[in-house]
Structures are given as structure tokens and as C-alpha cells.
Amino acid sequence: MGSETGADRAVRVERVGRVALLEIDNPPVNALGSSVRAEIQAALRALQAEESAGVIAIHSAGRTFSAGADIREFGKPPRAPAMPDLYDEIEASAIPVIAVMQGMALGGGLELALACHARIGIEGLKVGQPEVLIGLLPGAGGTQRLPRLTGVPAALDICLSGRKVPAEEALKLGILDRLEAGETRAVALDAAEAVLSGRLATRRTSEIDLVADPAALEAARDRLRRTQPHLVSPLACVDAIEAAALPLAEGLKVERQRFLDCMDTPQRAGLIHAFFVERAVANVPEKSATPRPLSALGVIGGGTMGSGIATAALLAGLSVTLDEVSDEALARGVSTITRNLDGAVKRGKLAADARDSTLARLTASTEMADLGEADLIIEAVFENMEVKKDIFTRLDKIAKPGAVLASNTSYLNINEIAAATSRPGDVLGLHFFSPAHVMRLLEIVVADRAAPEVVATGFALARRLGKVGVRAGVCDGFIGNRILSHYLKEATYLLMDGASPAQIDRALEDFGFAMGPFRVSDLAGLDIGWAERKRKAPMRPPEERYVPIADVLCEHGWFGRKTGQGYYDYSQDPAPPYPPAMEVIEAERAKAGIVPRSFPDEEIVERYMTAMISEAARVVEDGIALRPADVDAVFLFGYGFPRFRGGPLHYADTLGAAEIVSRIERYAAEDPHYWQVPALLRRMAEDGGSFDDLNRAG
Ligand code: 3HC
């Protein structure tokens, strides 16, 4: 019997003697949406009815066995067959069913295999239950069947980390029965024949006795309460794994209930938005342009940023020439890079025996002329337009034709920098975030005359470095720092009006930020913002409210962590508020005639987030960000925005434009200059639109 199905079907059945090969073919990742599930069910039922098959081997086309449930169907009315029901049917099958997996078997993809009677991995396979990463838990038997195979501690680790488990480990843990090399269909056929001849044993996972481990469950709960206090689904996942001690049908009921509870949470929607945002930002007008070759990188400046960028490039396999002005500065840069690589070894990001060969790809030079062969040169010196223009004028003479010339400026006008060269089409902003070898965001700032293939090269570099590239237009601060400058002013207004740095930080950390704004400022160095404010002082409108507290701290030499004191006192651990800084705050309030008032935490969050959303809306309106999703990506990957809230503009949608407009109008009574309703928000409030509508539109 040949193929039973037409080309438009996602499931094909092929018969070879008593073997039935069932192939899933639903590109790109064999997601198991409702129609695919219905086809699997129909094929299985047909084979059962026919009774001539002695074994069914499920395998799949493409690079990946299956990425699990079709995430795009979440939130829509569920359609039968439900995944858990289908998997129960597979497990109950009188004909043995085996799974043969290549690439990835994730989420519902792995759960399908767990319901089968034996599992064979093809070398290179990785398996995982990544549901917690999107605000869910395995909802098709994973929390029940996995612990029966691996024991409770390993199941907790896999389900709570969401990590991709390599095949060798999966074999050791008992998730796989065999690990084979070869082409999927051939391995599937071999394995099926092995079942028929009794060389490969099969069994129902539900019939394996679970070894209960209450101590491991309690330890996991303790850890989650400490380390992930905001998240709902990891704790729900522990409850479901605990229920694996019950008979399967009862445990599955607990799992189902917890899964549905999580499905209803805004966290689930936020995390899934974050998943899609990470992919959506690659959709740029220049995406079909061919990137230029990229193997040798030049970095100008061996400070924290330049060294971090060089480290990221070395870790990605590129060769790097680092240029500095003096031997001492160069030696400092090289030693920072060496330290960064040692750190990468410690964090498991680089194999210890690869450390020296990685470092060997670094060339250090005090001659800018040595950058002549680089494919892409990134300038990462301090923020001064004249210095940068001078560097680009010199680079213009040195760089080979076709080299991409990039500036890592955080605020400055890339058009002006590009104009300092005879090849503005080759010039780009590449704004990395510190530490550049760790932070995943790369803002790709597109100057007016940048050639499409130069922009495409920026995105290719981001991909190569494992970063999320986000396209930004030219303005002061691009997407991220422009919005940051705006809402940090609100943080200082709250400070001046009576809230303390510690209260503001705590309120925002409770909201989910990795760190509050004053702790971040102390970490970045208060001198950075000071220099920025001085640069912008001539442009500051007279009606803008100005809070001088941070300037006074800097005048005292308190730059934050790097000098030991800032808003907090770093001579102690954990750092408490720094009393002399608190005196400065009180003195400045008194000087301005302000009687401090108290702010509830909710009001702090409300004002801060409204300020962030307002400027973010303007950034979209001005076309600096292509879509609201691009703003969300910038904040998720570069600014410690809580992932479970999906990004500032996804969060804005949960509030609704009308609510945000009414807040702005309320605050505007105190400060009509700062609080102005962006036209885009006004329109959305009037016509009921959302930022997500704009994402969908393009
Ligand atoms: N559902 C729908 N679409 C999916 C998907 C899924 N589960 N997984 C990936 N896709 C889409 C992506 O959005 C992308 O679409 P695009 O081309 O339109 O942008 C396309 O497939 C390719 O994905 P990637 O760009 O991510 O490709 P990679 O090769 O880099 O990565 C992957 C592949 C590792 C499978 C990665 O996509 C991934 O991690 N996917 C999510 C896996 C996951 O979370 N599974 C659990 C789902 S929930 C579940 O199963 C519930 C169950 O327990 C009941």
C-alpha cells in the first residue's frame, strides 16, 4: 500500500509489510495544530481498524521532529481532538506505536513520543519541555509520563528550566530507548522491524511505577518562590508533577486543570508575545538584500563596550582586530577580553580547551591602518561627536572598499557621522548594550543613506552573535535610550516630590523589572547620565522641569558602584541607601520649596509606566521603530523589562489606550509640558485600536 494521502495533508502513511510508517509533514517545525492532530488520529484509527499492521512508527519530515502544540492556536476556541486525548489513545493502542525523532522534540512534540511505546532518537536530537518559558506547563501528559521515565528530580529540572536536553543525556535519563545514526525514515523502518522481531521492547509509560520524592518537590517550590516570585506556571508545574504519584488518569486531570489555569493568565499572553516579538523584528524592508561577507571584525576602542563587542565576536568565531591609541590602553582592552572569555568558560558558554584558540583570533594594534582588511569596523570610543567624526574621516581612508563602518554610539546622529566619510552608504549605527558579550539586544540604526545590503549585514552580524537585531531610525537615543531618557525624568520627579530611591526601585522590582532605575543608574555610572544632561542642556526647553539631584551627587564624586557610593553605599553588601545622598535629596527638595508627599507603590509604577508608554508611542508614531513589537523587543532584550509582561506596548494594550490617555490628562494638570497625549494614543483611544493591531498590520 502506498501513500494514502494527498500532498495537501500533513500526515502520510506508508506501509512496508507489517510496518506502518506515519510521517508528520507540517513545515516549518511540525507544530501539532488541531488539523494535524485530527489527521494523526484518523490515520491511527484506520490502521487499528485494518488490523494488518504489526507496529506503527511515527516520524517526521524536515529538520525537526516537532516543536509541539501550535502556539498560534492558543487563545482560540479549542478544537478536537485535544492533545491529551489523542496521546491517551496512542498509549492505549493495541498495536505498538514508536516515535523516531530528529532535530528537536519539544513540548507537545516530546509528549507525543512519551505516549508512544518506545522512543528512538537520531544523533543530534534535543528534547525538552519548554512550556514554562511561554507561561504554561506541559499539558499533554508531560508532567505525568516524564517523571515515570526519569524520576522526579530530572523531570523537575527539565520542565522548570525548559532547557533542551541533548540526546545522550536523554538516553541516560531513560527518555530515549535508543540513539541511532542515519536518515529518519530508514531508522524508523529498522526500529519498527526490531519491534516486530522482538529486538526492541515496548511498554506503556503509564504502567511504570513512579518513585515519589516529596523533598525534591518542596525544594523546587522553595527555590521558585525565591527566584521567580512573579511567575505562576512554574509552581503550577510542580503541582502537576506532584500529581504524577496518582494513577495516570487522576494525575492527568490535575495537569489539565493547572494548564488551563495558566492559559488564562496575562503572563501566558505576555510570554508568547515575547516569543513572537523576537522573531518579528527580523522582518525589515532590507530583509531580501544580500549581506556583505563577514568574517574579520575591527573594533576601535578597548573600553568596556569595545572589549565586550570584541568578546562577543570572538565567541561567535569571528576574527577581531582591536585598535587603541596607546599600548597601555590596548593592554587594558586585551586583559578585559581575556577576563570576559574566562567568565564565559566559567558560565559554560565556552569550552575550557577552546579558550586559547578563541583568544588567538584576536589581534591587538595601535595602528588604525591595521583595520584595512576588516569586513566590518565598529567604533566604540566615548560619546563625542568631534572625536567620532575624526575617526570616521580616518577610517574612510583606511577601510577596504565595501567594508561596513559602524558606530556604537548610544545617542549621537549617525547621519552626521556618515557625512564625515566619502561613503555614507556604508555607514551604520550598531548600538550594543553593556555587557556587550552578554546582553542580547543590538539596535541597528539606519542612517538616511545606508545601503540596504549594509543594513542586511547589520542583521547578519546580530544573528551571527546570537543577538536580537532591532531596526531603529535616527533620533537622539534611537528607540531605547530615547524612551529611557524620558521615563527616567519621571523617576527623578517622583524622587523630588517625596519617594525615596529605594522605594521607587523596590516598587518597580516588585512589578518585575530586573533592577529599579536608581540601582541601574548606580551600576551604569552616574557620570554617564551627567555627561548626557550637560550635552543636552543647551537644547532643554525652559518650561521643562529639571531635577538637579543626580548632578549634585556627581559634583561630590559619587558616581555609583564604580566609586563606591551613589544612591546606595557599596561599601556594604547588600548596599543600603547612602545617607549623604539622601541628605542631598532633602536639601534639593527644600531649596525648591517642595513639601515631600508619600506615594503608594502602585502610583509609582503607574506614573513610571505611563511615561514609558507615552514616549514609546511617539517613537512608533515618528517611525523610529517599525512596529510596536520592535519597541517591546528593545525593552525585553536590552532594558531588563519583565518578559512575562511582554514589553511596554504589549503591557499598554492590557491597560487599553483610553486608560493611558486618561492618566496622562490627569497628570498633565501638574506638568502640562511633560505630560502630553501622543497623537497615536489619542487616536487609538478614540477608535478602540491597539498596538497589537499595528503589529498585525505590518
Ligand atoms: N507553534 C507555532 N509556530 C511555531 C512554533 C510552535 N510551537 N515553534 C516555532 N514556530 C514558528 C516560529 O514562530 C517561526 O515562524 P516565522 O518563520 O513565521 O517567524 C518558525 O516556526 C520557525 O521557528 P524559529 O524561527 O524559532 O526557528 P528555529 O529553528 O530558530 O527554532 C524551535 C526552532 C527550537 C522549535 C523554536 O521555534 C522553538 O523553541 N519553538 C517553540 C517550542 C515550544 O515552546 N513548544 C511548546 C509549545 S506549547 C505545547 O506544546 C503545549 C503542550 O504541552 C500541550
Side-chain angles (χ1 to χ4, degrees), residues 10 24 26-37 60 62-76 78-88 90 101-115 124-146 155 158-166 233-234 236-237 240-241 252 255-263 267-269 271-284 287 440 459 462-464 466-469 627 629 633 643 695-696 698:
I24 302 170
N26 184 30
V29 291
N30 293 318
L32 300 166
S34 57
S35 62
V36 180
R37 296 197 302 270
S60 66
R63 287 190 302 129
T64 276
F65 177 70
S66 171
D70 188 335
I71 302 176
R72 290 163 307 185
E73 289 185 353
F74 293 167
K76 296 185 184 157
R79 300 216 341 244
M83 214 177 233
D85 298 342
L86 172 65
Y87 295 178
D88 282 352
I90 291 174
M101 299 169 277
Q102 83 287 15
M104 305 264 178
L106 302 177
L110 177 59
E111 290 171 298
L112 167 64
L114 296 175
L125 170 74
K126 288 188 176 156
V127 304
Q129 299 285 177
E131 289 87 343
V132 286
L133 306 179
I134 50 170
L136 291 169
L137 53 125
T143 64
Q144 307 302 298
R145 294 190 177 97
L146 189 62
I158 291 168
C159 295
L160 296 177
S161 68
R163 75 186 171 93
K164 298 185 178 84
V165 182
S233 79
C237 183
I241 292 178
L252 282 173
E255 178 192 81
R256 193 77 204 141
Q257 193 50 54
R258 293 290 188 277
F259 180 82
L260 294 174
D261 294 346
C262 290
M263 189 63 100
Q267 293 192 355
R268 192 273 302 160
L271 287 164
I272 287 184
H273 178 74
F275 175 86
F276 283 118
V277 153
E278 186 174 340
R279 286 148 182 88
V281 290
N283 188 7
V284 294
K287 69 169 185 256
R440 289 199 62 211
F459 277 89
R463 265 195 309 279
R464 182 83 191 260
K467 299 203 184 293
V468 180
R627 295 150 294 229
R643 192 174 165 93
N695 286 330
R696 285 174 208 280

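Counting starts at 1 for both ligands and their atoms, following the listed order. Positions are given from 1 along the sequence. Quick caveat: nothing in here was measured; it's all calculated off a predicted structure.
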What are the atoms of ligand 1, with element, lying closer than 4.0 Å to any heavy atom of [X]?
X	answer
P138	53 (O)
G68	50 (O)
E111	52 (C), 53 (O), 54 (C)
E131	48 (S), 49 (C), 50 (O), 51 (C), 52 (C), 53 (O)
M83	54 (C)
P28	20 (C), 21 (O)

I need the nearest protein heavy-atom contact for [atom]: residue, atom name and distance, please.
atom	answer
atom 26 (O) of ligand 1	R279 NE, 2.7 Å
atom 29 (O) of ligand 1	R63 NH2, 3.9 Å
atom 40 (N) of ligand 1	F275 CZ, 3.5 Å
atom 13 (O) of ligand 1	F276 CE2, 3.5 Å
atom 2 (C) of ligand 1	D70 OD1, 3.2 Å
atom 39 (O) of ligand 1	L106 CD1, 4.0 Å
atom 3 (N) of ligand 1	R72 NE, 4.1 Å

Taking only non-hydrogen atoms of [X], do any sit less than 4.0 angstrom from ligand 1?
X	answer
I134	yes
P130	yes
T64	no

Considering both backbone and side-chain atoms of [X], is one of its nitrogen or oxygen atoms within less than 3.5 Å of a nitrogen or oxygen in ligand 1?
X	result
A67	yes
F74	no
G108	yes
I71	yes
K164	no
V29	no

Inset, instruction - Give a yes or no answer on whether the side chain of Y87 reaches the backbone of G108 with a donor-acceptor pair at less than 3.5 Å. - result: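 Yes; at least one donor-acceptor contact below 3.5 Å.
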
Inset, instruction - With heavy atoms only and a cut-off of under 4.0 Å, state how A69 meets ligand 1: side chain, backbone, both or neither. - result: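 Near ligand 1, A69 shows its backbone as well as its side chain.
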
Legend entry - Q129, portion touching ligand 1 at heavy-atom distance under 4.0 Å: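 No part of Q129 is near ligand 1 at this cut-off.
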
Inset, instruction - Rounded to the nearest 0.5 Å, what's the gap from CZ on R268 to CG on D261? Could you check? - result: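 Rounded to the nearest 0.5 Å, the CZ-CG separation comes to 13.0 Å.
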
Legend entry - Stacked cation flag R279 on F275, 6.0 angstrom / 45 deg: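 Positive - R279 is close enough to the ring of F275 and near enough to its axis.
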
Inset, instruction - Provide the closest heavy-atom pair for A633 versus V277 in the form atom of the first, atom of the second, distance. - result: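 Scanning both residues, the minimum pair turns out to be CB-CG1, 3.5 Å.
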
Inset, instruction - Evaluate side-chain contact (heavy atoms from CB on, under 4.5 Å) for L86 paired with M83, printing each intermediate quantity in order. - result: CA-CA 5 Å; L86 172 65; M83 214 177 233; 5.8 Å; no

